[in-house]
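Both backbone and side-chain heavy atoms feed into the values below; hydrogens, waters and symmetry mates do not. Residue numbers begin at 1 in each chain, while the letters A, B, ... track the order of the sequences.
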Number of protein chains: 2
Amino acid sequence: MKPTLLDVAELAKVSRTTACRAMNNEGRIDEETRKRVLEAAKSLNYQPNRLAQSLRVKQSFVIGVIFSNLFAGHFYSEIFRGIEEYTSGQNYNLILGCSDGSVEKETELIESFQARQVDGLIMTPTNHMSAEAIEILEKSRIPVVFIDRCSTDYEHDYVGTDNLLGGKLAADYLKKLGHQNVAVCMGPDGETMSVTDRLRGAVQVFEKEQMHYFTITGKSKARNSKEFSYEAMLEAMDTLESKKVTAVMAMSDSVALGASRALIEHGYRIGKDIALIGYNNDDFCPYLTVPLTTVGQPKYELGERAAELLLNKIRDKMSKSNTKIILQPKLMIRQSCGES
Amino acid sequence: MKPTLLDVAELAKVSRTTACRAMNNEGRIDEETRKRVLEAAKSLNYQPNRLAQSLRVKQSFVIGVIFSNLFAGHFYSEIFRGIEEYTSGQNYNLILGCSDGSVEKETELIESFQARQVDGLIMTPTNHMSAEAIEILEKSRIPVVFIDRCSTDYEHDYVGTDNLLGGKLAADYLKKLGHQNVAVCMGPDGETMSVTDRLRGAVQVFEKEQMHYFTITGKSKARNSKEFSYEAMLEAMDTLESKKVTAVMAMSDSVALGASRALIEHGYRIGKDIALIGYNNDDFCPYLTVPLTTVGQPKYELGERAAELLLNKIRDKMSKSNTKIILQPKLMIRQSCGES
DNA sequence: GTGAAAGCGCTAACAA
DNA sequence: TTGTTAGCGCTTTCAC
């Protein structure tokens, strides 16, 4: 049986209270007894039960993380690392779930995490969170920070990058290279706000510069971006030719990868016959045969800032609840648009 | 203030016990009162406090997951998905940490998860787990399942793939294509058992077939496989030429990606001037300009089986504690070795 | 500086 | 079928 605080107390010949004070380095306690308790604890291999602690102090030091999509391996891995490194230094642990784009699972996860008394929540919501989920969040008053995407239907804190600007950056660059006809490959998450923002940004440029464009939305059932966009692109091949498209803008690097496969199979040489620009700056970009030009997002920092914001909210419940932290995207010029 | 079971009980005009029974669908209870309680619970928006429950029943329904490396985005994402989907159906939640290859952090995580009373642990250990960590695990008697890698110094359950066979598969294939001189690019995790096993498997073939080979270990400080192997490969360029290497075997697909960048920069055409084979079958493989031939691992299933094994151990503490589940690798022939 | 006692929210003997 | 009571392991008020 695991030793409890009482065991430690008895061994050190003090009361539970005193033992507790010693363990938590509290004030009013004799240095001598403190040492004695600590030794007793050590010799018993005592470890406080965090469940009991949490129950008592009504603070669990656990934060819940809900991603909507783990297929996008690199993107969420980096965000998670940012969250993890920031929070682990402050004694928090993370409980992680993946909604896989399902609103039901998202709701379940929120409820489950809530039942576990998480101190806060960081999440990328599904496209349309269920009304139920939103109600739960609002009623529970658990501090929440949305990351990367955000819910339209709900007042919230948010950490993301400026997707409108990102879209502009990409479009401006294509314009600068002289492209007039561009296809925009949306990928499977075309309905999320982050992606529609990128599109809006690009379209602003397209219209101002009187460029032609059209979007490839695809109707594949694949959840995997690469597969989805590969199929979507294959279907769009004819249109590509008839509209004399010279540049493809992909809404993520994975989408770009899928699109490039279709393009290559149809004899296009990336960076020569056709320009391709991605989004995210995933870590594989520099390592492709034709290194991918893309718009970079600071993924790790996204996670870090979200964690920071959340912990601040947790500590200061009064902090105003509509903070938006918008980080800047950055154009990463490589070779897939023909320049080096 | 959140409603407690007592609030529900009062509203339904029964005792806490009865309310408890109703919530947990236990036997001996009148159908009428059960309904009344459930209604009361609903109207109060009652949600049981899992912390209190766990404390009481001494079972948390949380399992800890510790990965050693989240850079390898896709690989661990898939494993995690396998674990998550299997366990979430059974009411478990996952608490996730990343040791980042550091034994100190690994030990901290184990302790921390233990303090949180996890019911079990799934982990990829660092190369050499600290004696301390092993001692904690043994003393705590928490069921543990190692995944992908395993600790040499410790009796354990394990789920992985047959890396020896995987190495052979790759080497056999290169032999079949007529290669006589191959370079093996080890990557940053060259010391892990999974990688050394792959090498052993390959070497068995090399020796039997009297092929020449040498390993590229690299001395980069990068933790990222792609970067690491890119640098390692650059350094090895001269040797590659002097030894007339015609094939490169990479210990993971990320390593292959890094290596290919160096090769391409030096004018090699993958699949024509030089053959390249990877390992893992990461999801980007089919989407490279020259689709990568590789040895596939069933990542999702790895996670799933690990979760299954762990839950069985949790339920039946008596189950023998040295189960090894070894899944089979599979050669995925694409174009990077010249065949289609 | 130390300890007794109460209680966080839940479950489970046992008794009625 | 229902309720009383004790207790999981911890923290905290209050009194000494």
Side-chain angles (χ1 to χ4, degrees), chain A residues 1-38 40-41 44-62 91 111-119 140, chain B residues 1-38 40-41 44-62 91 111-119 140:
Chain A
M1 220 46 205
K2 274 190 195 164
T4 76
L5 194 56
L6 191 58
D7 299 320
V8 175
E10 279 171 358
L11 182 61
K13 303 207 189 306
V14 293
S15 73
R16 278 216 294 281
T17 315
T18 309
C20 177
R21 288 199 185 106
M23 294 304 299
N24 298 336
N25 280 316
E26 278 189 30
R28 320 172 305 176
I29 185 174
D30 190 85
E31 186 59 19
E32 273 302 295
T33 41
R34 210 180 63 84
K35 273 188 186 153
R36 217 168 60 240
V37 173
L38 259 36
L44 286 178
N45 241 303
Y46 169 74
Q47 203 186 25
N49 182 327
R50 298 272 251 142
L51 250 36
Q53 273 181 182
S54 303
L55 179 62
R56 179 64 233 234
V57 304
K58 291 179 178 306
Q59 155 133 250
S60 65
F61 279 94
V62 171
N91 228 329
E111 279 190 314
S112 172
F113 288 3
Q114 190 197 174
R116 291 199 188 279
Q117 317 299 120
V118 295
D119 292 341
S140 70
Chain B
M1 220 46 204
K2 274 188 194 163
T4 76
L5 193 56
L6 190 58
D7 299 321
V8 175
E10 280 171 357
L11 183 60
K13 303 208 189 304
V14 294
S15 73
R16 277 215 295 282
T17 315
T18 308
C20 176
R21 288 199 185 105
M23 295 303 300
N24 299 335
N25 280 316
E26 279 188 30
R28 320 171 303 176
I29 186 174
D30 189 87
E31 186 58 18
E32 272 302 296
T33 41
R34 210 180 63 84
K35 274 188 186 153
R36 218 169 60 240
V37 173
L38 260 34
L44 286 179
N45 242 301
Y46 169 73
Q47 202 185 26
N49 182 327
R50 299 273 252 143
L51 251 34
Q53 275 182 180
S54 304
L55 178 62
R56 179 63 232 235
V57 304
K58 291 181 178 306
Q59 156 134 249
S60 65
F61 279 92
V62 171
N91 228 328
E111 279 190 315
S112 173
F113 287 4
Q114 191 197 172
R116 292 199 187 277
Q117 317 299 118
V118 295
D119 292 341
S140 69

How long is the straight-line distance from NZ of A:Lys58 back to CD of A:Gln117, given to the nearest 0.5 Å?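 Nearest 0.5 Å value for the CD-NZ distance: 7.5 Å.
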Please state how far atom [atom1] in [X] lies from atom [atom2] in [N], giving the value in whole angstrom units.
X: A:Gln47; N: D:dC10; atom1: CD; atom2: C1'; answer: 14 Å
X: A:Lys58; N: C:dC10; atom1: NZ; atom2: P; answer: 9 Å
X: B:Asp30; N: D:dG3; atom1: CG; atom2: P; answer: 11 Å
X: A:Asp7; N: D:dC8; atom1: CG; atom2: P; answer: 11 Å
X: A:Leu51; N: D:dC10; atom1: CG; atom2: P; answer: 11 Å
X: A:Ile29; N: D:dC16; atom1: CD1; atom2: P; answer: 21 Å
X: B:Arg116; N: D:dG9; atom1: CZ; atom2: C1'; answer: 15 Å
X: A:Glu10; N: D:dG9; atom1: CD; atom2: C1'; answer: 14 Å

Note the angle between the end axes of the helix from C:dG1-D:dC16 to C:dA16-D:dT1, five pairs defining each, rounded to 10 degrees.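 For the helix from C:dG1-D:dC16 to C:dA16-D:dT1, the axes at either end differ by 40°.
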Tell me, please, which residues at least two apart from A:Ser112 pass side-chain hydrogen bond (donor to acceptor under 3.5 Å, both in side chains). B:Asn93
Considering residues at least two apart in sequence or located in another chain, which fulfil the side-chain hydrogen bond (donor to acceptor under 3.5 Å, both in side chains) criterion with B:Gln59?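 Testing B:Gln59 for side-chain hydrogen bond (donor to acceptor under 3.5 Å, both in side chains), a comparison that skips the adjacent residues, returns none.
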For B:Asn24 and B:Glu26, indicate whether the former's side chain and the latter's backbone hold a donor-acceptor pair under 3.5 Å.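 Not at all, since once roles are kept as given, no pair shorter than 3.5 Å links the two residues.
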Quick check: does any side chain N or O of A:Arg16 sit under 3.5 Å from a backbone N or O of A:Leu6, one acting as donor and the other as acceptor?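 It does not hold such a pair.
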For each nucleotide in nucleotides 11-16 of chain C, reading 5' to 3', give B when a protein heavy atom comes within less than 4.0 Å of its base, S when such contact involves only the sugar-phosphate, and - otherwise. BBBB--
For residues 44-56 of chain B, dump all side-chain donor-acceptor pairs below 3.5 Å to protein atoms at least two apart in sequence or in another chain.
unit_1	atom_1	unit_2	atom_2	d
B:Gln47	OE1	A:Gln114	NE2	3.3
B:Gln47	NE2	A:Glu111	O	2.7
B:Asn49	OD1	B:Leu51	N	2.8
B:Asn49	OD1	B:Ala52	N	3.2
B:Arg50	NH2	B:Asn91	O	3.2
B:Arg50	NH2	B:Asn91	OD1	3.3
B:Ser54	OG	B:Arg50	O	2.6

Report which part of the nucleic acid A:Ser54 touches: base, sugar-phosphate, or nothing (heavy-atom distance under 4.0 Å, all strands).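 Here A:Ser54 touches no strand at all.
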Is there a side-chain polar atom (N or O) of A:Ser15 under 4.0 Å from OP1 or OP2 of C:dT2?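 Result: no.
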Stepwise side-chain contact (heavy atoms from CB on, under 4.5 Å) test for A:Met23 and A:Leu5: CA-CA 9 Å; A:Met23 294 304 299; A:Leu5 194 56; 4.0 Å; yes
Sorted by chain and number, sequence neighbours left out, side-chain contact (heavy atoms from CB on, under 4.5 Å) with B:Lys35 holds for B:Glu31
Can you pull out every side chain to side chain donor-acceptor pair (under 3.5 Å) where at least one residue sits in residues 2-15 of chain B? Sequence neighbours excluded, please. B:Ser15-B:Thr18
